[in-house]
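Counting starts at 1 for both ligands and their atoms, following the listed order. The shown structure was predicted, so the numbers you read here are calculated from the model rather than taken from an experiment. Atom set for the values below is all heavy atoms of this structure, side chains included, hydrogens, waters and symmetry mates excluded.
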Amino acid sequence: MKTDIAALLKAEYGPMWHDTMCDLPDGWTQPLVDMLERLYRLSSIDAFRDRVVYWVSVRVDVYGSSAMAFACPIMPSHTWTPGRAMACVEALTEFTGRTQETCRVCGKDGYLRTAILGDHGEGVFCDQHAGGDHAG
Ligand SMILES: [Zn+2]
């Protein structure tokens, strides 16, 4: 991810940002932003201390064919509701699903290319970037 984009997201999402997100390729920035936005909506306001209370801490792992997000609950388990927990699970799984069908270079629709199938670059790419990160 470009460092200026990472700096913007770090400023926008505060403690939910983690430097593992810098490892994401540029094309997967939008799936990340959409996930962070959904997780941010889980937050609550501490009016007494005048601040946002984040409910999860997030990390990502980047692979050739997808990325995964991992969330650790910050708030104690008795404060979670089934709806809130499911919203978190859905945000995490949708993120991984979208990286599996989004070009890692440009963010357009893509699919997994492998050498076995005769492609040059291995990973999730659109038709234009099917040759790998430096093609097109
Ligand atoms: Zn592309």
Side-chain angles (χ1 to χ4, degrees):
M1 181 183 297
K2 293 182 179 71
T3 53
D4 55 336
I5 299 291
L8 283 174
L9 294 178
K10 187 173 185 173
E12 180 75 22
Y13 292 102
M16 281 203 323
W17 171 264
H18 189 264
D19 283 343
T20 51
M21 296 167 189
C22 293
D23 298 336
L24 285 165
D26 292 329
W28 291 351
T29 300
Q30 191 61 50
L32 173 72
V33 169
D34 292 345
M35 177 187 69
L36 288 173
E37 193 57 39
R38 291 173 74 160
L39 294 175
Y40 182 79
R41 276 187 243 135
L42 296 175
S43 305
S44 47
I45 301 294
D46 181 344
F48 182 70
R49 296 196 185 107
D50 196 24
R51 66 184 176 101
V52 176
V53 177
Y54 297 91
W55 281 59
V56 291
S57 177
V58 191
R59 309 279 186 273
V60 301
D61 268 359
V62 181
Y63 314 103
S65 58
S66 69
M68 288 185 184
F70 302 86
C72 179
I74 295 172
M75 300 300 275
S77 59
H78 71 269
T79 61
W80 284 76
T81 62
R84 188 181 286 272
M86 275 310 296
C88 179
V89 169
E90 285 167 9
L92 299 175
T93 54
E94 181 158 316
F95 170 72
T96 296
R98 283 189 54 204
T99 61
Q100 291 170 329
E101 53 193 32
T102 302
C103 176
R104 55 188 292 135
V105 178
C106 69
K108 291 181 184 158
D109 290 347
Y111 63 88
L112 179 62
R113 320 277 177 156
T114 70
I116 296 167
L117 298 174
D119 296 308
H120 298 294
E122 183 143 334
V124 182
F125 299 106
C126 66
D127 290 337
Q128 186 191 341
H129 295 116
D133 287 283
H134 303 291

Residue pairs passing the side chain to side chain donor-acceptor pair (under 3.5 Å) test where at least one lies in residues 44-53, sequence neighbours excluded: Ser44-Trp55, Asp46-Arg49
Residues Tyr111 and Arg113: side-chain donor-acceptor under 3.5 angstrom: yes
4.5 Å side-chain heavy-atom contact, Val58 and Tyr13: no
Qualifying side chain to side chain donor-acceptor pair (under 3.5 Å) pairs with a residue from residues 70-93, counting only residues at least two apart or across chains: none
Asp109, CG: over 12 other non-hydrogen atoms inside 6.0 angstrom: no
Contacts of Glu37 that satisfy salt bridge (charged side-chain N to carboxylate O under 4.0 Å, His left out) - sequence neighbours left out: none
For the Zn ion (ligand 1), every protein N/O/S atom that sits closer than 2.8 Å, waters excluded: Cys103 SG, Cys106 SG, Cys126 SG, His129 ND1
